[in-house]
Every structure is written in C-alpha cells, then in structure tokens.
Amino acid sequence: MDEKYFPEKIEQKWQQRWNESRAFEAKSDDPRPKFYCLEMLPYPSGFLHMGHVRNYSIGDALAWYKRLQGFNVLHPIGWDSFGQPAEQAAIKRGVNPRDWTEENIAHMRGQMQRLGISYDWSREIAAHRPEYYKWDQWFFLKMHERGLAYKKKSPVNWCPKEGTVLSNEQSSGGICWRCGAAVEKRDLEQWFLRITEYAEQLVADIKQIENTWPEKVLKRQRDWVGRSEGAYVDFGIKDSDQKVRVFTTRIDTIYGANAIAISAEHPLLADLLQGSSLKNDIEAFAKKVKAEAAARSREEEGPKDGMNTGILAINPFSGELVPVWVANYVLMEYGTGALMSVPAHDDRDFEFAQKYSLPVRRVIERVSHEQESIAHDEAREDQSLAMPHAFTEYGILVNSGDWSGKLSTVAMKEMASYAAEHGFGEAAVTYRIRDWGVSRQRFWGAPVPIVYCEECGTVPVPYDQLPVVLPPSAEFTGTGAPLAGVSEFVNINCPKCNGRAKRETDTMDTFVDSSWYFFRYCDPRNATVPFDPAIAAEWTPVDQYIGGDSHAVMHLIYTRFWTKFMRDLGLVSFDEPVKRLLTQGMVTNRVEGTDDWKAMSKSLGNGVDPDEMIAAFGADAARLFILFAAPVENELRWLESGIEGAVRFIRRAYTMVWRWHDRLASSDVDHDASTEFSPAARALRRKTHQTIAKITNDFEGLHLNTIVAALMELFNELSNFDANPATAPAGDVFAVREALESLVIMLAPFSPHVAEEMWESLGHSRGLLNSARWPQSDADLARREELEIPIQVNGKLRSHVFALPEVSEDELRAAALEDEKIRSIIEGHEVVKVIVVPRRLVNVVIK
RNA sequence: GCCGGAGUGGCGAAAUUGGUAUACGCACCAGACUCAAAAUCUGGCGAGGUCAAACUCAUGUCGGUUCGAGUCCGACCUCCGGCACCA
C-alpha cells in the first residue's frame with residue numbers, strides 16, 4: 001500500500017489479480033446456496049454509456065454482497081449482438097457487420113473490465129455467433145412443430161422508395177425515418193410466434209411476481225395483454241341467413257343498441273353488399289378509412305366517420321331492427337371487428353350518434369337512494385332525449401324488457417348465459433395482445449430455419465442441419481432483404497426430397513435472442529441442447545434481474561412467454577423466469593445552455609464518457625457516486641462535484657487505513673474477558689454494530705444510497721475516535737480494527753478495488769474473496785447504553801432526559817415531570833395526561 | 001381522457017408499526033495552514049426572530065382523525081411516466 005491513493009494503480013493491480021485467479025467464475029456442484037444476479041445484456045453499440053455503468057454497478061454491488069454472505073453467485077454477461085446498427089454501419093460505411101460487432105464487443109468488454117465489474121467472463125455469450133443462434137433456430141423449429149410458429153400475410157410498414165419493411169418506430173408519423181417517403185401498408189408473408197396462446201397465463205401468472213416486480217411494469221404488461229371479459233352476441237341479418245357477431249363488455253346495455261358498427265375491412269361486407277347499389281360507395285369509404293388510419297400518427301384520434309350500409313340487423317334480445325353502419329373507429333384486429341353501438345352508455349358511440357343524429361336510448365340508471373330514484377323516474381324521459389354525454393358506469397337496468405330492474409353486474413352474467421342457452425352468443429374473454437411477428441427482411445439476425453421446396457412446400461430445416469449459418473457477407477444497399485441476393489445461401493437442395501429449393505431469407509427479430517439468453521449462461525458451451533435442464537435448474541430462476549424500464553413490455557413479456565414455452569417442452573420446471581426485478585432510473589445530464597435534465601445521448605451532446613470518468617476519478621469513485629447519489633430506481637442527475645465527494649471519502653478512508661495498518665497488520669490483537677474498553681471504544685463498537693445491522697437490512701431492499709450514507713457515518717465516527725495507532729491500548733485497537741475491517745468489507749460492493757487494497761494492507765494477504773465474510777451485527781453491542789428521550793408538551797418538543805434502556809414507564813414519566821424546563825412550562829396548567837412511549841418519548845398533555 | 005408514481009433545505013436525498021423532520025453528501029460561508037492560491041483540516045449552514053437565547057413557522061394546498069401526522073383519511077393543485085378509438 002502506498003501512502004497516497006492512486007486509483008489507477010490500485011485498480012489495475014486488482015483487475016489483474018482477479019483475472020489471474022479467475023476470482024468470479026461460478027461453479028456448479030457447490031453446496032452453498034446459489035444466487036443468480038443478472039443485468040440486461042447490452043447491445044454492442046461500441047461504447048458503454050452511463051446507463052450501462054449504473055446498471056452494472058447496481059448488479060455488481062449485489063453480486064459482491066451475496067458472495068461475501070457466502071452465496072454461490074452467478075454473475076454473467078454477454079452481448080445482444082444482432083440488430084440494425086451493425087447493418088446500418090454496413091450500408092453507410094461498407095464495413096462488414098460481423099467485424100464491426102466484434103470490434104465493438106472487444107472495446108466494451110475492455111470498458112467493463114476497467115470498471116472492475118465482477119463478471120464470470122468464462123460464460124460470455126454473443127447472439128451473433130452460430131453456436132448461440134443455432135439454438136434460436138432450434139427453438140423456432142420446436143415452436144413450428146407445435147404450431148406455435150406459423151406464416152401468414154400481414155400488413156407491414158413498407159417504404160416504397162427503399163423497398164423495405166420498417167418497424168412501427170421507424171415509420172412513426174407515416175414517414176420513413178431514413179428517406180422521409182410516405183409509408184404504405186403492405187401485405188407480406190411473415191413468420192409469427194403464437195404468444196396469444198399464452199395470453200391467459202401471461203396475465204394469470206402475474207400473481208407469482210406481483211410483490212417482487214415493480215407495479216409499473218406489471219401494469220404495462222397487463223395493459224399489453226389487454227385481457228377483457230365480456231360476451232359475444234350474434235345479431236341476425238334481415239332477409240339473410242348470415243349474422244354479425246359482436247364483442248361487448250357491456251351486454252347489460254344491449255337494449256340501448258341503436259346500430260351495429262363494423263370495421264371497413266369486415267369480411268361480411270363483401271358478401272352482404274352483393275348487388276347493392278351502395279357497394280361502390282361503401283368500398284370507397286373503406287378505402288378512405290384505411291388511408292386515413294395509415295396517415296394518422298399513433299396518438300391521434302381522428303373524428304368519427306361512418307356510413308349506413310342499408311343492411312338491417314336483428315337484436316336477439318329485443319327483436320328490434322337496427323341499421324348496420326361501417327364506422328372508422330371499429331378496429332378489425334380487436335374482438336370480432338364489429339360492435340353494437342350503445343350511444344347512451346359509451347362515449348365513442350355517443351359521439352358517433354351525435355354526428356349522424358342517431359337515436360340515443362338510456363337503459364342504465366345510476367343506483368341511488370329511493371327518493372332520488374323517484375325524482376329520476378320523473379326526469380327520465382327528458383334525460384333520454386338530451387343526455388350531455390354517455391353514462392358509462394354500472395347501474396340498474398331500465399327499458400330493458402324482463403331485465404329491467406336488475407343490477408348491471410348481475411345482468412351481465414345472466415344475459416350472457418341466456419344468450420348461450422338460446423344459441424346466439426356466449427361469455428367470452430378477448431385479449432389485445434397480437435401474435436409476435438418475428439420476420440425481419442434483414443441480414444444481421446438469425447436466419448429463419450425454413451426451406452421452400454418446389455415439390456414439398458414449406459420444409460423445416462432438420463435439427464441435425466442446424467445452424468443455418470449466415471453467409472459471410474451480402475450486398476448492403478438498404479433495400480430489400482439482403483439474404484435474398486446471396487444465391488449460394490438461397491439456392492439449396494430440399495432436405496426432404498433433395499430437389500430444387502430456396503431458403504427463407506427472413507431473419508428473426510433480435511428479441512428472440514434475448515428471450516432465453518440467461519438460461520444459456522448456465523451451460524454456455526453445450527453443443528447438443530440449448531442448455532442442460534439439470535444444470536439450468538441449479539441456477540434458475542434468476543434471483544435478481546436489473547435493467548431499464550424501457551423493457552417493461554417487449555423483452556420482459558417475450559422472456560416470460562419463452563419460459564412458459566420452455567416449461568411446456570420440459571426444459572424448465574417453473575412458470576416465471578425472474579423472481580425479483582429492479583428497473584433502475586435513467587442517468588441524466590444537463591443539456592448545455594438549458595435547464596433541462598435529459599437522458600445522456602450523443603445527439604443532445606450531454607453524454608459523459610465512462611472512460612474519461614475512470615481516468616479522472618477512478619472506477620471505484622465513479623461507482624460509489626452513482627450508487628450514492630440517488631435511490632436506484634430514481635433518475636440520477638450527473639454532477640461532477642458529486643464524484644469529487646466520492647473521491648474525498650475514499651481517500652479519507654484510505655488514509656485512515658494507512659495510519660493504522662502497521663499496528664493492525666503486525667499485532668494479532670484480539671480481545672478477551674480482560675480487555676478493557678473505554679467508553680469511547682464502546683461507543684465506536686456500538687456504531688460499528690449498528691451500521692452492520694442497518695447496511696445488511698438495506699441490502700435486502702437494495703437501498704444502496706443509504707448504505708453508502710451509513711458507511712460515511714461509520715467513517716465519521718471512526719475519524720472522531722481519538723486514538724494514536726502507536727500507543728493505543730488493546731481495547732481501542734480492537735475497536736478500530738473491528739470498525740475498519742467492517743467498513744472495508746462493506747465498501748467492497750461499491751468500490752471493490754480500493755477495498756481489496758485496504759483489506760490486504762490490514763494484514764489479509766490472501767485477498768477479500770477468499771478470506772472475508774460479511775460482518776455480523778451483535779445486537780448487545782449495538783444497543784445504546786443511554787437513551788436520550790425527547791419530552792413533548794402537547795406534542796411540541798420541549799426538553800430531553802437521559803435514561804437507561806431498561807427504564808420503566810413510571811420512571812420516565814417522573815423524570816419528565818421533574819425536568820426543570822417542563823416544570824416551568826406546565827406550571828399553572830392542569831396536566832390532563834402523560835403519554836409514555838417506552839424507550840421513545842414522553843408527551844405531557846396540559847390544558 | 002384513463003391508469004400508475006411522486007411533491008421534504010440552494011441541490012441529490014434521509015426518516016421501523018404515526019413518536020426528536022432535514023441523517024449522509026453536494027454547493028455555500030467562516031476559520032486554520034500558505035507569500036498567495038489550490039488541496040487539506042476545523043466549524044457553521046431550513047425560514048423568521050435575537051447580541052445570544054427564548055419563541056414562532058416550515059415536508060405541494062385546504063380540511064379531518066390523534067396526546068402526537070412527512071407518514072393515516074377526504075378534497076384539490078402541480079409535476080413526471082405509461083396507455084390511448086380495444087367495444
């Protein structure tokens with residue numbers, strides 16, 4: 001140990017030692033309890049940003065803590081290395097995506113190592129390597145076997161200028177993000193994964209994680225799946241044997257239906273309008289609606305628009321005839337693409353009815369007290385005529401035939417049963433979630449393992465021919481599917497009949513890669529299966545997952561889906577892959593010239609380079625600051641002066657160790673019954689044990705910021721402890737050793753390099769990992785010897801008394817009333833009562 | 001519009017079951033060291049009030065429950081985030 005703190009030197013020294021001793025490699029077959037600590041794997045863009053640094057600092061703190069607590073910790077990392085940016089680099093700069101990606105990985109791996117994150121590098125994986133994506137393809141084939149992977153025509157965002165498919169994000173506002181051309185909807189054959197098959201489980205199993213995942217994530221997942229209970233009802237068509245099926249969550253309002261509204265794309269339209277004079281008009285209208293929907297940005301809600309088809313439908317409950325309208329607000333993708341319009345009790349239907357002057361009939365009344373209900377009865381007729389807006393609450397049915405007088409909640413159940421009994425409907429559950437489109441007309445992804453044979457049709461690639469390896473390169477023009485232009489890839493012999501065949505040229509969505517990667521970490525080099533189920537069972541489910549909440553739906557729902565599928569394959573035995581989830585807050589920085597704090601980004605110019613931070617302050621200080629500055633789930637505002645504070649703290653602690661290390665390392669001072677502890681030494685030991693208890697407790701809730709504060713408090717107490725290292729008596733030396741060693745061990749999760757250095761200089765030459773254990777708090781030592789009890793008068797703090805912890809209530813009361821200050825205040829007043837909270841406070845109530 | 005979450009010093013933030021509000025840090029101020037500055041160390045630091053104290057007021061606003069409310073209840077305001085024609 002040097003006298004002065006040189007972070008660069010210390011950090012390099014320990015990174016090298018960790019590396020040489022393979023200090024963080026996790027081993028199977030370990031009798032200790034396991035802990036799987038996982039951070040979301042990064043996309044190798046080339047550079048770590050502060051969000052990554054925060055993510056890994058949080059994870060590493062937990063991994064260190066668990067390791068020091070005696071757990072067998074798995075803490076791996078890898079690369080989500082397929083995706084668009086590599087292909088963009090190829091298009092723009094002509095570089096090979098593979099080379100670009102590998103270079104970026106190499107650089108970012110170096111950055112992670114300079115941060116000193118305790119990863120098990122022997123388990124590193126990367127999605128773009130054939131030994132990994134082979135298993136993406138394997139899973140795809142398993143799904144295909146079970147009918148969970150299928151192909152269908154589906155509208156995609158299509159840029160006509162570039163001849164390529166765009167994601168929703170790339171086509172927001174109906175404009176291509178690259179060339180600015182107007183985006184079209186095109187029907188293309190695409191591969192889908194049947195996530196809808198698992199919709200119910202994705203909602204129901206939320207109860208398994210509801211206390212350990214953030215509520216905001218679960219909420220978004222519930223919304224995403226969009227489970228909705230209601231009923232299907234069939235409306236007959238007059239003068240036809242056809243019928244229109246609608247979905248409704250409010251069957252209780254069916255007597256108020258004034259029309260059926262159907263989507264412009266509804267398949268019945270073509271049939272029913274055969275020979276109708278309106279046919280052309282309706283078709284023109286449908287076209288217009290489609291065009292407007294495509295042009296509209298996702299947020300906007302255009303005005304209601306519709307057209308009467310002249311068709312009449314029959315309300316199966318009332319027998320009433322209602323017109324069938326085509327309406328622009330009815331979505332073909334949801335429910336049945338048709339709905340019953342009940343303007344009195346639905347805002348959208350109300351708006352629609354207003355526009356076209358359709359009748360509004362009220363069939364639900366507010367449940368109210370009897371008198372009010374009489375008053376309402378008198379006014380009912382008027383209300384029906386001139387409602388200002390829809391009444392969308394549950395209530396009591398009126399004007400509803402035999403159902404009048406029933407409560408909505410009751411009627412909804414009974415009417416659905418009634419419909420089922422009479423064969424014109426049934427209770428139903430619908431979901432908003434759609435099947436997961438995984439086809440990408442791109443190069444840099446896992447090829448879909450499918451072959452199209454002129455004779456045999458669609459043929460899955462046999463398992464023993466996996467992986468379908470990406471060709472080394474392709475023409476990157478930015479238009480069309482690059483793989484389609486690589487003839488040696490495309491043209492092959494059919495695996496079934498050996499005849500002429502072509503490969504599928506779509507690659508898979510990169511979310512496929514990240515849906516199961518953390519299972520691969522358990523058994524990363526397995527060449528025969530994605531992972532050995534027995535080995536995975538040793539580590540999974542993940543005990544703690546940490547990442548940004550930007551993945552609240554996509555990744556985190558796909559991985560839940562994938563896990564359930566793997567469970568059905570018999571690969572895992574649980575429903576949920578992640579026990580606890582933490583969504584960390586963003587790292588923001590001031591945007592130059594403004595008062596805005598925004599997420600760091602290149603385009604805003606407010607980014608901070610982790611390497612510069614490490615060079616200027618050291619990784620230990622940077623990590624300490626990040627974890628101290630805000631609770632992990634809060635936004636973190638980047639302040640350089642805050643890092644300087646962290647450096648100061650580390651340097652002071654380091655200097656303290658330097659002052660004491662000769663004495664502590666050379667003497668084997670321990671205490672026995674004869675050791676005398678001065679009051680100051682006892683106070684220091686008390687603080688030490690209180691701090692251990694607090695920090696251990698805070699770790700369970702990942703309150704890392706208050707842990708750092710507690711470490712600082714302990715250090716401050718230690719600084720105020722007045723003892724000379726050369727001459728201090730045994731009791732003092734022991735108290736200092738206990739405080740200092742506890743401080744160093746508990747600092748390790750935050751600033752591991754300097755903690756190792758200090759630990760070594762305190763006489764533990766074998767290093768932290770092998771010799772240190774998390775300190776234990778002794779409750780007896782942590783207990784206060786004397787309490788300072790506040791005394792209130794009428795709830796206002798007025799004085800204090802000192803008392804022993806075992807003081808009785810009566811003694812406390814007496815002490816309070818004898819206190820000089822309290823006596824002077826209560827003099828001349830009647831003491832109504834005295835509240836004594838044992839060990840906490842006294843409150844004297846006077847009149 | 002709907003649904004979540006949050007409002008505490010100049011700033012980031014603390015505060016077991018309701019029990020001493022503002023821990024810890026940053027910034028700032030003063031002092032020591034220095035020819036000087038930086039660094040470092042020591043002290044101060046919610047607002048008003050006072051030589052100092054006493055005291056008064058303060059956790060978004062208004063009300064309530066309680067001996068006692070940042071914490072519980074009701075109404076409202078503001079900010080942030082998500083969803084958005086989902087029948």
Side-chain angles (χ1 to χ4, degrees), chain A residues 214-220 222-224 226-228 230-231 246-251 253 260-261 263 293 296 298-305 327-331 333-342 345-349 351-352 392 430-434 549-550 552-553 585-586 624-625 628-631 633-646 648-649 651-652 655 694 697 703 705-716 719 788-800 821 824 832-846:
Chain A
E215 181 52 37
K216 64 176 172 183
V217 172
L218 297 179
K219 197 214 165 262
R220 287 187 60 189
R222 280 192 209 98
D223 287 353
W224 184 269
R227 185 181 194 278
S228 184
V246 303
F247 177 72
T248 176
T249 53
R250 291 298 302 273
I251 194 173
T253 65
I260 295 297
S263 162
R296 205 161 37 232
R298 286 195 312 146
E299 293 82 45
E300 277 179 287
E301 219 179 87
K304 299 284 176 288
D305 211 349
N328 66 342
Y329 68 100
V330 183
L331 308 173
E333 312 87 75
Y334 184 76
T336 60
L339 58 85
M340 61 182 203
S341 169
V342 184
H345 304 292
D346 181 282
D347 290 320
R348 294 151 303 179
D349 297 342
E351 190 189 333
F352 192 71
T392 56
T430 59
Y431 302 90
R432 219 179 78 157
I433 192 170
R434 313 282 157 69
D549 65 4
S550 55
V553 280
M586 284 191 308
L624 186 70
F625 165 68
F628 173 57
E633 62 277 3
N634 281 25
E635 172 188 340
L636 188 154
R637 297 187 165 193
W638 192 260
L639 272 183
E640 206 129 299
S641 57
I643 284 220
E644 286 162 14
R648 273 198 286 273
F649 170 69
R651 196 185 294 130
R652 282 194 280 240
T655 304
K694 180 190 168 43
N697 186 50
H703 304 303
N705 57 325
T706 55
I707 293 174
V708 178
L711 288 172
M712 289 171 168
E713 277 190 67
L714 176 59
F715 173 78
N716 290 344
S719 316
E788 190 184 357
I789 306 285
I791 306 179
Q792 302 178 330
V793 177
N794 287 347
K796 283 203 162 77
L797 179 68
R798 291 301 182 216
S799 187
H800 294 90
K821 181 122 182 269
S824 73
V832 180
K833 61 174 153 176
V834 180
I835 308 237
V836 180
V837 183
R839 297 170 53 87
R840 281 225 98 116
L841 64 60
V842 180
N843 187 11
V844 181
V845 186
I846 60 171

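Every chain is numbered from 1 and lettered A, B, ... according to where its sequence line falls, protein lines coming before strand lines. Quantities reported herein were computed from a predicted structural model and do not represent experimental measurements.
Of the possible polar contacts, one joining the Asn843(A) side chain to the Gly795(A) backbone as a donor-acceptor pair under 3.5 Å is found. Under a 3.5 Å cut-off, the side chain of Asn794(A) and the backbone N or O of Ile846(A) do form a donor-acceptor pair.
No contact: Gly226(A) has no heavy atom under 4.0 Å from any strand. Counting non-hydrogen atoms under 4.0 angstrom, Arg651(A) reaches the backbone sugars and phosphates but no base. Within 4.0 Å (heavy atoms only), Asn843(A) reaches at least one base atom of the nucleic acid. Within the nucleic acid shown, Lys219(A) comes within 4.0 Å of at least one base atom, counting heavy atoms only. Using a 4.0 Å heavy-atom criterion, one finds that Leu331(A) contacts the bases of the nucleic acid, with or without backbone contacts as well.
Spacing between C72(B) and U20(B) at atom P, rounded to whole Å, works out to 16 Å. One C1' atom belongs to U17(B), the other to C62(B), and the distance between them is 28 Å to the nearest Å. Rounded to a whole angstrom, the distance from the C1' atom of G9(B) to that of C26(B) is 13 Å.
Side-chain nitrogen and oxygen atoms of Thr430(A) include none within less than 4.0 Å of the OP1 or OP2 phosphate oxygen of A87(B). For the pair Arg637(A) and G25(B), the criterion of a side-chain N or O lying under 4.0 Å from OP1 or OP2 is not met. Asn705(A) has no side-chain polar atom (N or O) that falls below the 4.0 Å cut-off from OP1 or OP2 of C24(B).
Using a 90° window around 0 for the glycosidic torsion, G9(B) falls inside it and is classed as syn.
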What pairs of nitrogen or oxygen atoms, one from the protein and one from nucleotides 56-60 of chain B, lie under 3.5 Å apart?
from   : atom 1 : to        : atom 2 : distance (Å)
U56(B) : OP1    : Arg798(A) : NH2    : 3.4
U56(B) : OP2    : Arg798(A) : NH1    : 3.3

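Between the side chain of Lys304(A) and the base of C85(B), at least one donor-acceptor pair of N or O atoms lies under 3.5 Å.
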